[in-house]
Amino acid sequence: MLFNIRQETLPREELEALQLRRLRDVCNRAYANVPFYRAAFDEIGLTPADIRSLDDVRHLPFTEKQDLRDHYPYGLFAVPRENIVRLHASSGTTGKAVVSGYTARDLDIWAELAARSLSAAGVTRSDVVHVAYGYGLFTGGLGAHGGAERVGATVVPASGGATRRQAQLMRDFGATVLCCTPSFALHLWEAGQETGVDFRDLPLRIGVFGAEPWSEAMRRDMEQKMGITACNIYGLSEVMGPGVAMECAEARQGLHIWEDHFLPEIIDPVSGERLPAGETGELVLTTLTKEGVPLIRYRTRDLTSLDFTPCACGRTHARIARLAGRSDDMLIIRGVNVFPQQIETLVLESGGLSHNYQIVVDREGTLDTLEVHVEVDEANFADEIRKLQSLERSLAKNIKEYLGVTARVRLMEPHSIERSEGKAKRIVDRRKER
Ligand code: DLL
């Protein structure tokens, strides 16, 4: 379902002409109003007038998350504080929070892009949208909320927590769409199972899941358990919030990035060189219309690739591949690179194990150790020890075979791994404590 037919199907040439106009505009605004950007342009001897083609963006300096922290809280704002109508912040795992400020126009565009995203998943004004992303400084709740209202759907602002009550509300209010992190959706599903609310019996039909990495295996598992079509939504608070890119239900072959508002590039995370379409690297985003905190060449640390080939849904906006994870989340175990999602896929494909897992990395002497803790499915928990041991062995064998690392697998009782209210904590890296 297209929300803004004209913008979503702009012919490539028109889209690029619009991007160039907006790129020059954002460079002008950043140069004129943000001392950090003025200094960065001056240092390399560029002025916004030197941007003559989209390709020229490659000459511009990057913006790093650390730059946002260094200018905490308002240092990168491009408009007077009075023009900022809302603040959000992401705490991250280390260091100072990163603050983002929105003008009224920024909020209006965000609602439009979140509405496009929900529509791409198939949401219409007839839907009852249960938003269980956290409301607050986190952008998930209010972002999805704004989009659902713009679509004209009935919004239930449930936020996180109170899982049993939420499952009942979903039943009572007839939720047809669930918006939350994939791990919280499963947490809600479990609470439903415990309280006699089977998601398959509800009118629930669509899941809009994001804010954390998840695998295709997890999608299959959730669709089967919940009787829904699950679509992947991407965003980050620095750049806006949910709705920067979204999978279309028609094709589900990557996430359309709303290119009339964001200019995407993929770079080699080490050299910083631009990579061609199709190659995996770090996503770099330039905000083309944002007024409050415009960002030029923001290094997201998220790993993906770009696809400019036409999509069956008719949208002309490029697609990013399902996110491989953040470069910061990549574990290096005895020199081998491993992403939690790869382990997730093997866990879910092993049969008999649940979606609740945690990866514990530690060091014994000079060697890294990898433990995978996985809860056994409720149905299999009563099985004989022998059968459980064989599950453990076969998962460890698959991890060795497919990922090339030795792992100790520990099967756990159902409900023994802590559930999260938002983003799941998949990795416990004890090496950092040593
Ligand atoms: O997570 C915004 C959001 C809310 C997106 C709700 C989608 C739905 P932050 O807390 O700033 O903002 O975290 C942003 O989360 O850089 C990615 O590493 C990760 N992330 C977000 N969406 C996805 C996704 C929100 N679909 C960071 N797949 C990003 C994988 C994702 N990772």
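The shown structure was predicted, so the numbers you read here are calculated from the model rather than taken from an experiment. All ligand and atom numbering here is 1-based and tracks the order in the structure.
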Per-atom contacts of ligand 1 with [X], taking only distances under 4.0 Å to non-hydrogen atoms:
X	answer
Tyr234	21 (C), 22 (N), 23 (C), 26 (N)
Gly210	7 (C), 8 (C), 26 (N)
Glu238	11 (O)
Asn232	24 (C), 26 (N)
Ser237	9 (P), 11 (O), 12 (O)

Ranking Cys231, Pro182, Gly422, Ala211 by closest non-hydrogen atom to atom 22 (N) of ligand 1, top hit is Ala211
Atom 29 (C) of ligand 1: of Leu303, Thr304, Asp302, the nearest heavy atom sits on Asp302
ask   = Would a distance-only check, ignoring hydrogens and angles, find a side-chain to backbone donor-acceptor pair under 3.5 Å from His88 to Leu137?
value = yes
| message | Is it the case that the side chain of His71 and the backbone of Asp67 share a donor-acceptor pair, with hydrogens and angles ignored and the cut-off at 3.5 Å? | response | yes
Counting heavy atoms under 4.0 Å, the part of Glu212 that contacts ligand 1 is backbone
So for Leu236 against ligand 1, with non-hydrogen atoms under 4.0 Å, the contacting part is both
Is it the case that ligand 1 has an N or O less than 3.5 angstrom from some N or O of [X]?
X	result
Arg326	yes
Ile233	yes
Lys423	yes
Gly140	no
Tyr133	no

If you measure only the distance, is there a donor-acceptor pair under 3.5 Å linking the side chains of [X] and [Y]?
X	Y	result
His373	Glu371	yes
His130	Gln166	yes
Lys400	Thr406	yes

task: Go through the steps to decide whether Leu204 and Met170 satisfy the test side chain to side chain contact (heavy atoms under 4.5 Å, CB included), and finish with yes or no.
output: CA-CA 8 Å; Leu204 195 65; Met170 285 172 68; 4.0 Å; yes
Closest to atom 25 (C) of ligand 1 among protein heavy atoms sits Gly235 O, 3.6 Å
Between Tyr31 and Tyr37, is a ring-ring contact (aromatic ring centres under 6.0 Å, His included) present by the stated rule, with each step listed? CA-CA 6 Å; Tyr31 190 82; Tyr37 280 119; 9.9 Å; no
Inset, instruction - Check the pair Phe209, Cys180 against side chain to side chain contact (heavy atoms under 4.5 Å, CB included), reporting the backbone distance first and the verdict last. - result: CA-CA 5 Å; Phe209 302 139; Cys180 59; 4.1 Å; yes
Requested in this report: Using a cut-off of 6.0 Å, state whether more than 12 heavy atoms not belonging to Phe308 lie near its atom CZ.
Outcome: yes
Query raised in the report: Are Arg116 and Phe3 in a cation-pi contact, defined as NZ or CZ under 6.0 Å from the six-membered ring centre and within 45° of the axis?
Result: no
Does at least one non-hydrogen atom of Pro213 fall below 4.0 angstrom from an atom of ligand 1?
yes
